[in-house]
Enquirer: 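My questions all concern the structure below.
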Amino acid sequence: MSTEFSESILRWYETNGRKKLPWKVKDPYKIWISEIMLQQTQVATVIPYYNKFVDTYPDLQSLSKASLDELILIWSGLGYYRRIKNIFLAAQIISKKYNNKFPKDYQAILSLPGIGRTTASAISTFSGYSHRAILDGNVKRILRRYYNISYENNSKTEKILWEKSTHVTPLKKTSQFIQAMMDIGSLVCTRSKPNCRICPLRELNCLYTEDVQKISRSKKNVKKINMYLLTVINSLDEVYLEKIESGMLWENLYSGPFFYSAIKMNSWLKKMKISTAKIKNKFEIKHRVTNKDIKITNYVYFLKNNKNVSLSTENWYNLAKINVGIPKYFDKAIKVYRSEYEKDYVQKIEKRG
DNA sequence: TATGCGTGGTT
DNA sequence: TAACCAAGCAT
């Protein structure tokens, strides 16, 4: 164990650490929810989602009663929806196998769906159940700079980084230490323009001068995709939504029907007996996911009487308060539509500023 | 083991 | 604009 390293980090934490984040609590359930939300997601984005979540589901008992649809609704807009499905599955396991008490055993935590080594170690350590190192993006960046380790992303580098993290992580005040590392990573040892002047590792033989030349990684293959989206509205101000099939992007969320070719969209309209004369508006939305650049053309249809079409009567949702989880692009589409066609909505938006 | 998974943000 | 990153995990 490297005492000098950890003592320096812990001293910094005393005066500069983030000790008042909403999930700085003792409840392993709440710590778990926060750790899942924080996977690949920034603190500022998580805070409102976290507060709403623990307000709605304050404990494991309330969570275990929730349906997947309800959980997807509360997760709506946060992204990486597999995470909430795993929370749902884990809640069922905790309910049946652990009598609705969050497990204390590290291997038990690690075996829950959606929980890998870093998340298990963070939950376990923050809950006071163990004293383990983590290896998130912050810790990686600090260690790479401190030890001058290349930015290669292979299993060998990963192994070295885990060894280094375990090496510097103390067995006492472990919780404060790993929190401090993440705080330093996001506040001091930042990706661009790190503030070495105020870094606690400055006088500790940190090897950082400038980032080691990043290995020329294969060009990210971002695909440009056209998507054809249908926003079908009826005279009751309801919108037609379908559950997105498993295997698709955004599976289990709800959306207006969408297609990856205009031909398929048109044959769907024909099958549903929706006359193309009913089209009310058409506009474009740009939406980007990790490796896809999606140009969405949204076609708005208005049906005065939806008895003449073949759409199921079960799939209509109040436009002003859609009570199922929808992807961000559909939220964008609805906002554009409402701002153009609902005077009240426009006024509300203007009032809000 | 390289890739898919969402969204918001920076450079 | 395009590339890259953010409290990673599962396959």
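What you are looking at is a predicted structure, and each value in this text was computed from that prediction instead of being measured. Order of the sequence lines sets the chain letters (A, B, ...), proteins ahead of strands, with each chain counted from 1.
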Enquirer: With respect to the phosphate group of C/dG8, does any side-chain polar atom (N or O) of A/Gln40 fall under 4.0 Å of OP1 or OP2?
Expert: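 Yes, such a contact exists.
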Enquirer: How would you label the contact of A/Lys85 with the nucleic acid (heavy atoms, under 4.0 Å): base, sugar-phosphate, or nothing?
Expert: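 Here A/Lys85 touches no strand at all.
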Enquirer: For the pair made of CD in A/Glu251 and C1' in B/dG4, what is the distance, rounded to whole Å?
Expert: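 From A/Glu251 CD to B/dG4 C1': 11 Å.
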Enquirer: Under 4.0 Å between a side-chain nitrogen and a carboxylate oxygen: does that hold for A/Asp69 and A/Lys243?
Expert: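 So A/Asp69 pairs with A/Lys243 through a salt bridge.
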Enquirer: For B/dT7 and A/His287 - does any side-chain N or O of the residue sit under 4.0 Å from the phosphate oxygens OP1/OP2?
Expert: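 Yes.
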Enquirer: Answer yes or no: is there a donor N or O on one side and an acceptor on the other, between the side chain of A/Ser8 and the main chain of A/Pro200, under 3.5 Å?
Expert: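 Pair found, side chain donor or acceptor close to backbone of A/Pro200.
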Enquirer: According to a strict under-4.0 Å criterion, is A/Trp32 in side-chain N/O contact with OP1 or OP2 of C/dA7?
Expert: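 So the side chain of A/Trp32 is outside the cut-off, no N or O lying under 4.0 Å from OP1 or OP2 of C/dA7.
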Enquirer: Looking only at atom types and distance, does a side-chain atom of A/Ser312 sit under 3.5 Å from a main-chain N or O of A/Glu314, one as donor and one as acceptor?
Expert: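 Yes, A/Ser312 side chain to A/Glu314 backbone: donor-acceptor pair under 3.5 Å.
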Enquirer: Categorize A/Ile178 for me: base, sugar-phosphate, or nothing, with a 4.0 angstrom heavy-atom threshold over every strand shown.
Expert: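 Here A/Ile178 touches no strand at all.
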Enquirer: Could you state the atom-to-atom distance from CD of A/Gln42 to P of C/dC4 in whole Å?
Expert: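 Atom CD in A/Gln42 sits about 17 Å away from atom P in C/dC4.
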Enquirer: Between C/dA7 and B/dT3, how far apart are the P atoms? Round to whole Å, please.
Expert: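 23 Å, rounded to whole Å.
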Enquirer: State whether A/Asp331 and A/Lys335 are salt-bridged, where the test is any N-O pair (Lys NZ or Arg NE/NH1/NH2 against Asp/Glu carboxylate O) under 4.0 Å.
Expert: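 A salt bridge links A/Asp331 with A/Lys335.
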Enquirer: What nucleic acid atoms does A/Glu158 come within less than 4.0 Å of, heavy atoms only: base, sugar-phosphate, or nothing?
Expert: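 Contact class for A/Glu158: none.
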Enquirer: Determine the contact category for A/Leu21: base if any of its heavy atoms lies under 4.0 Å from a base atom, sugar-phosphate if only primed atoms, P, OP1 or OP2 are that close, otherwise nothing.
Expert: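 Counting heavy atoms under 4.0 Å across all strands, the contact made by A/Leu21 includes a base.
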Enquirer: Can you tell me if the side-chain N/O atoms of A/Thr45 get under 4.0 Å from OP1 or OP2 in B/dG8?
Expert: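 No, because none of the side-chain N or O atoms of A/Thr45 sits under 4.0 Å from OP1 or OP2 of B/dG8.
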Enquirer: Between B/dG8 and C/dC9, how far is it from one P atom to the other, in whole Å?
Expert: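 One P to the other, the span is 23 Å.
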Enquirer: Between A/Lys140 and C/dG8, is there a contact of a side-chain N or O with OP1 or OP2 at under 4.0 Å?
Expert: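 No.
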Enquirer: Could you check how far CG of A/Asp293 sits from P of B/dG4, rounded to whole Å?
Expert: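 For the pair A/Asp293 CG and B/dG4 P, the rounded distance is 15 Å.
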Enquirer: Over how many whole Å does the gap from A/Lys24 atom NZ to C/dA7 atom P extend?
Expert: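 A/Lys24 atom NZ is separated from C/dA7 atom P by 14 Å.
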Enquirer: Identify whether any heavy atom of A/Gly185 sits under 4.0 Å from a base atom; if not, whether one sits that close to sugar-phosphate; answer base, sugar-phosphate or nothing.
Expert: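 Counting heavy atoms under 4.0 Å across all strands, no contact is made by A/Gly185.
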Enquirer: From CD1 of A/Ile244 over to C1' of B/dG4, roughly how many Å is that when rounded to an integer?
Expert: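 Result: 16 Å.
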Enquirer: Check this for me: does any side-chain nitrogen of one of A/Lys140 and A/Glu158 sit under 4.0 Å from a carboxylate oxygen of the other?
Expert: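 The answer is yes: the pair qualifies as a salt bridge.
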Enquirer: Within the 4.0 Å heavy-atom criterion, would you say A/Thr118 contacts the bases, only the backbone, or no part of the nucleic acid?
Expert: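 The residue A/Thr118 makes sugar-phosphate contact but no base contact.
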Enquirer: State whether A/Arg18 and A/Asp183 are salt-bridged, where the test is any N-O pair (Lys NZ or Arg NE/NH1/NH2 against Asp/Glu carboxylate O) under 4.0 Å.
Expert: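 A salt bridge links A/Arg18 with A/Asp183.
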Enquirer: Using a 4.0 Å heavy-atom cut-off across all strands, classify A/Asn291 as base, sugar-phosphate, or nothing.
Expert: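 Sugar-phosphate contact only - A/Asn291 comes under 4.0 Å of backbone atoms but never of a base.
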Enquirer: Could you give the CG-to-P distance, from A/Asn221 to C/dC4, as a whole number of Å?
Expert: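 After rounding, the reported distance stands at 12 Å.
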Enquirer: Considering only the C1' atoms, how many Å lie between B/dT1 and C/dT11, rounded to the nearest integer?
Expert: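 Each nucleotide's C1' atom is 10 Å from the other's.
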Enquirer: Give me the distance, rounded to whole Å, that separates B/dG6 from C/dT1 when you measure between the P atoms they each carry.
Expert: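 Here B/dG6 and C/dT1 have their P atoms 24 Å from each other.
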Enquirer: When you measure from the side chain of A/Asp136, which nucleotide among B/dT11, C/dA7, B/dC5 comes out closest?
Expert: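 Among B/dT11, C/dA7, B/dC5, the one nearest the side chain of A/Asp136 is C/dA7.
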Enquirer: Of the listed nucleotides (B/dC5, C/dC5, B/dT7), which one gets closest to any side-chain atom of A/Arg191?
Expert: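 Closest of the options to the side chain of A/Arg191: C/dC5.
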Enquirer: Could you say whether A/Lys193 or A/Lys332 is positioned toward the 5' end of DNA chain B, judged by the nucleotide with the nearest heavy atom to each?
Expert: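 Counting from the 5' end, the first nearest nucleotide belongs to A/Lys332.
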Enquirer: Within the structure, does a side-chain N or O atom of A/Tyr151 lie under 4.0 Å from either OP1 or OP2 of C/dC4?
Expert: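 Negative; the distance criterion is not met.
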Enquirer: Under 4.0 angstrom, heavy atoms only, what part of the nucleic acid is A/Lys286 near: base, sugar-phosphate, or nothing?
Expert: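 If one applies the 4.0 Å heavy-atom cut-off, A/Lys286 turns out to touch nothing in the nucleic acid.
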Enquirer: Base, sugar-phosphate, or nothing for A/Leu78, non-hydrogen atoms under 4.0 angstrom?
Expert: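 It contacts base atoms.
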Enquirer: Round to the nearest Å and state the distance from A/Leu249 atom CG to B/dT3 atom P.
Expert: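 Value for this atom pair: 17 Å.
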Enquirer: Is the side chain of A/Ser121 donor-acceptor paired with the backbone N or O of A/Ile134 at a distance under 3.5 Å, no angle test?
Expert: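 No.
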Enquirer: Within the pair A/Ser186 and C/dA6, is there a side-chain N or O less than 4.0 Å away from OP1 or OP2?
Expert: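 The answer is no; no side-chain N or O of A/Ser186 sits under 4.0 Å from OP1 or OP2.
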Enquirer: Look at the side chain of A/Arg288 against the base of B/dG8 and say whether a donor-acceptor pair falls under 3.5 Å; ignore hydrogens and angles.
Expert: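 Such a pair is found, so the answer is yes.
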Enquirer: In whole angstrom, what separates A/Arg18's CZ from C/dA6's P?
Expert: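 It is 13 Å, rounded to the nearest whole Å.
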Enquirer: Please compare A/Lys223 and A/Tyr329 by the position of their nearest nucleotide in DNA chain B and report the one closer to 5'.
Expert: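 Per heavy-atom nearest nucleotide, the more 5' residue is A/Lys223.
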Enquirer: Does the base of B/dG6 carry an N or O that pairs as donor and acceptor with the side chain of A/Thr41 under 3.5 Å?
Expert: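 By the distance-only test, yes, there is a pair.
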Enquirer: Look at the side chain of A/Asp293 and the backbone N and O of A/Lys223, then say whether any donor-acceptor pair between them is shorter than 3.5 Å.
Expert: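 No: the side chain of A/Asp293 does not pair with the backbone of A/Lys223.
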Enquirer: Counting any heavy atom closer than 4.0 Å, what does A/Trp75 reach on the DNA or RNA strands: base, sugar-phosphate only, or nothing?
Expert: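 No contact.
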